[in-house]
Amino acid sequence: MTALTTQPASRPAPPAAPSVAEQDAERRDGVLAADPVVRSALVRRHRPRTVNHLLTGIAVGLWAAGALLVALVPPTRAFTVHGERPALALASVIAVGLAAVWALAARPGTKAGLQASRWLGAWAPWWITLAVVFALWELATAKTGALTPPYFPPPGQLVTEAWTDRVLLGQSIGNSLALLAVGLFCGGITGLATGLWMGWSKQAGYWLNPIVRYIGPVPTLAWIPIVFIAFPSSFSAAVFLIALTVWFPMTVLTSAGIRSVPRDYFDVCQTLGASNRFLIFKVSLPAALPNIFTGIFMALPTAFVTLTIAETLGVNSGLGWYINWKKGWSAYPAMYAAIAVMVVLCGSLLNLELAIRNRVLAWQKDLTRW
Amino acid sequence: MVNHPNPTPSASDAAETTGAPDPTGASEIADPTGATQPVDAALPAGGAVDVLGVTQAFISKREPLPVLDDVSLSVRPGEFVSLVGPSGSGKSTLLRLIAGLDQPITGEVYADGHLVTGPDPSRGVVFQDPTLLPWLTVEQNVGLGPEVRGVADDPDEIARVDDMIAMVHLDDFRTALPAQLSGGMAQRVSLVRALVNRPRILLFDEPLGKLDALTRTSLQHDIGRLWASQGFTGIMVTHDVEEALMLSDRVIVFSPRPATVVADVPVDLPRPRAEDDPAFRELRRHVLGLLGQ
């Protein structure tokens, strides 16, 4: 074989620049992208929904009408606290606020104007629906008394009650959030670590799998008698319970995620010289992220359940405790106010998780946006 | 637990058997750019590969399945060699052994006279699928080699990554994610990702197998060009005889499974080669004949 001696000479010189065809394609690319006809057609096709003036007008008008309804129609005498002033304030603030955003959207040249326009385009139907619900609620309770007090308080009364009891309610929210944060953190980290370990090491999988499968599915309620005796404080007991419910889905989904990482990723990285450490933390972990986010998504609602149960049965603070306490005093409006706070809190946390997920997993092809 | 990754440790930190037998004696005399006269650091010398009596088998449906039957071959530094054979004949298995991703049942594989005990950055692999890490950009994928070696911040390495991306005309796609690339573009990225480490030996496992005809031709051209400019030793598994003849100094023909070496066909044609050259057509007929077609 003469290959060895002749090689340097026989190797063809690498071409320096892209081919003529490629250059031509690039030029035509530029011309087409700048073509006004192409541009305007694309804008028409892909424009996000902007403000619909009719729908926005109806929304603003309905909320203004709601405010007038509260102010002008005389209330029944069925309630001790009507909360007419907060209801009026609420409806007025919303009406004025929507009108302000509408005014902003009328000047779409600016960035804020465009954002306002898109926001109204997306959410105007919801504001109309809410205005109708508000008016019907107000009519059925404060104005006619068709729904029986005290089980059905008028909307303004919820605000009044929450405001009157703001110190205790605020403390309860703070305590609940602190407990949830500590529990989620401990359970999340432990679950992630257990899942990684189980997914990576056969030995760990052998010993941990039965434990995870038998301890994980046990309902929180069953542990309560033991846990509140075994732990030094009710706070640490509640943290343990929340962490336990978070730990289970996190472990199962993380380890499944690690074990489903394509073998090829490891082959490629190993031929590039990757260490085990790199394969675990820079390959397996990112590849398992879609699963891990599903784990967090499943863990959050069960954490809320456990939080409320723990607060009701052992921890004498927090929203769960507050709701029960108020129910014990038959203070239904305050109880409803606390439930409303809970709805907003849990919903916001879950939405936050999904927003982070959609952002972090943007690299996934055809990512399903939850 | 069967699909547990269980990676083998890197060969570089383990005890390597040195001074291995070299039946051809090739690596002693013929390393024009390497040990004797290190000319240009940016131009790595090609490494030698010696496969000695390798037999490999797997378990399939509880029965042993022999894949390689006493295969021996040598590749000289800087050579480009193609392995052709019927599909499923174990060519890719041999390539994995040379890469160090698997260990043979009997026999030894030597790279530059060192027994191969595990994967090493000096032996790069281009797989059939681009297998880019989908959460990294093109730039980060190409820079994976420096990253795993902990030298990603080295200005030389950064420049090297830039150069390699420019080599395959992907400058405009530096920050693109793999999901946004076409098949040919992704395979180009995986090609230069393997090259960033300046491997002495580059292994190709049917790198163009899943591409359309046009992209395939253009990538064939890229591979030839990179081989010419980077000086590595190339070993390519392919089932496309024409592709093998276009790129290689030698074509090694394998039998159906369990694979043995049927013939070692030198391709003494000047580059660039043309498919309609009578000598080329004659060689293709010869190799296809050896494959029983």
Side-chain angles (χ1 to χ4, degrees), chain A residues 1-15 17-19 22 26 198-206 209 255 258-280 282-287 289-290 360-367, chain B residues 1 3-10 12 26 30 32-33 76-80 96 99-101 118-121 123-125 127 129 131-136 144-145 147-149 167 169 177-179 190 193-194 196-197 199 203 221 224-229 231 249-250 266 268 270-272:
Chain A
M1 230 124 337
T2 53
L4 280 173
T5 46
T6 57
Q7 248 163 41
S10 71
R11 290 182 169 189
S19 69
E22 276 171 327
E26 208 165 290
M198 277 175 65
W200 187 261
S201 150
K202 274 186 190 176
Q203 279 284 320
Y206 175 80
N209 224 341
S255 89
I258 299 287
R259 279 183 286 119
S260 63
V261 176
R263 242 212 96 98
D264 297 353
Y265 289 179
F266 297 119
D267 285 350
V268 164
C269 293
Q270 278 185 283
T271 59
L272 292 172
S275 61
N276 269 356
R277 200 187 149 77
F278 189 92
L279 294 182
I280 294 174
K282 296 288 186 73
V283 181
S284 301
L285 202 56
L289 268 183
V360 173
L361 297 186
W363 51 266
Q364 264 197 314
K365 202 170 192 170
D366 309 323
L367 171 73
Chain B
M1 249 163 298
N3 52 3
H4 149 78
N6 189 27
T8 14
S10 162
S12 54
T33 48
R76 291 165 217 193
E79 224 182 349
F80 199 107
R96 286 182 69 86
L101 289 168
D120 188 89
R123 293 186 305 278
V125 186
F127 293 92
D129 291 307
T131 37
L132 305 178
L133 300 185
W135 55 90
L136 298 182
L144 211 53
E147 163 91 25
V148 302
R149 287 181 289 122
M167 278 265 217
H169 311 309
L177 287 165
S190 92
R193 174 179 63 186
V196 160
N197 273 348
L203 308 166
H221 183 70
R225 196 160 56 83
L226 289 169
W227 174 71
S229 66
D249 296 317
R250 270 196 297 153
D268 284 327
R271 292 184 169 90

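Just so we're on the same page: letters track the sequence lines, and every chain starts at 1. Quick note: numbers below take in every heavy atom, side chains included, and nothing from hydrogens, waters or symmetry partners.
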**Prompt:** Do you know which two heavy atoms are closest between B/Pro119 and B/Leu101, and how far apart they sit?
**Reply:**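 Closest heavy-atom pair between B/Pro119 and B/Leu101: CG-CD2, 4.0 Å.
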
**Request:** Would you indicate whether the side-chain heavy atoms of A/Cys269 and B/Leu144 approach each other to under 4.5 Å?
**Result:**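 Of all side-chain heavy-atom pairs linking A/Cys269 with B/Leu144, at least one is under 4.5 Å.
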
**Prompt:** Contact part of B/Leu132 toward chain A, heavy-atom cut-off under 4.5 Å: side chain, backbone, both or neither?
**Reply:**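 Answer is backbone: N, CA, C or O of B/Leu132 sit under 4.5 Å from chain A.
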
**Message:** Counting only non-hydrogen atoms closer than 4.5 Å, does B/Pro270 touch chain A with its backbone (N, CA, C, O), its side chain (CB onward), both, or neither?
**Reply:**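 Neither part, no heavy atoms under 4.5 Å.
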
**Message:** I need the residue from B/Gly145, B/Ala194, B/Ser190, B/Pro178 with the largest number of non-hydrogen atom pairs under 4.5 Å to chain A.
**Reply:**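 Counting heavy-atom pairs under 4.5 Å, the top option is B/Gly145.
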
**Item:** Interface moiety of A/Thr271 toward chain B, non-hydrogen atoms closer than 4.5 Å
**Value:**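 For A/Thr271, the contact with chain B is made by backbone and side chain together.
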
**Request:** Flag the pair A/Asp267 and B/Arg96 as a salt bridge only when some basic side-chain nitrogen lies within less than 4.0 angstrom of an acidic carboxylate oxygen.
**Result:**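 Answer for the salt bridge query: yes.
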
**Item:** salt_bridge(B/Arg250, B/Asp268) N-O dist < 4.0 Å
**Value:**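 Judged by the 4.0 Å cut-off on N to carboxylate O distance, B/Arg250 and B/Asp268 do not form a salt bridge.
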
**Request:** Determine yes or no for a side-chain-to-main-chain donor-acceptor pair under 3.5 angstrom, with A/Asp264 supplying the side chain and B/Thr131 the backbone.
**Result:**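 No; zero donor-acceptor contacts below 3.5 Å.
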
**Item:** Leading residue by heavy atom contact count with chain B [cutoff under 4.5 Å; candidates A/Pro286, A/Ala362, A/Pro262]
**Value:**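 Going by pairs under 4.5 Å, I would pick A/Pro286.
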
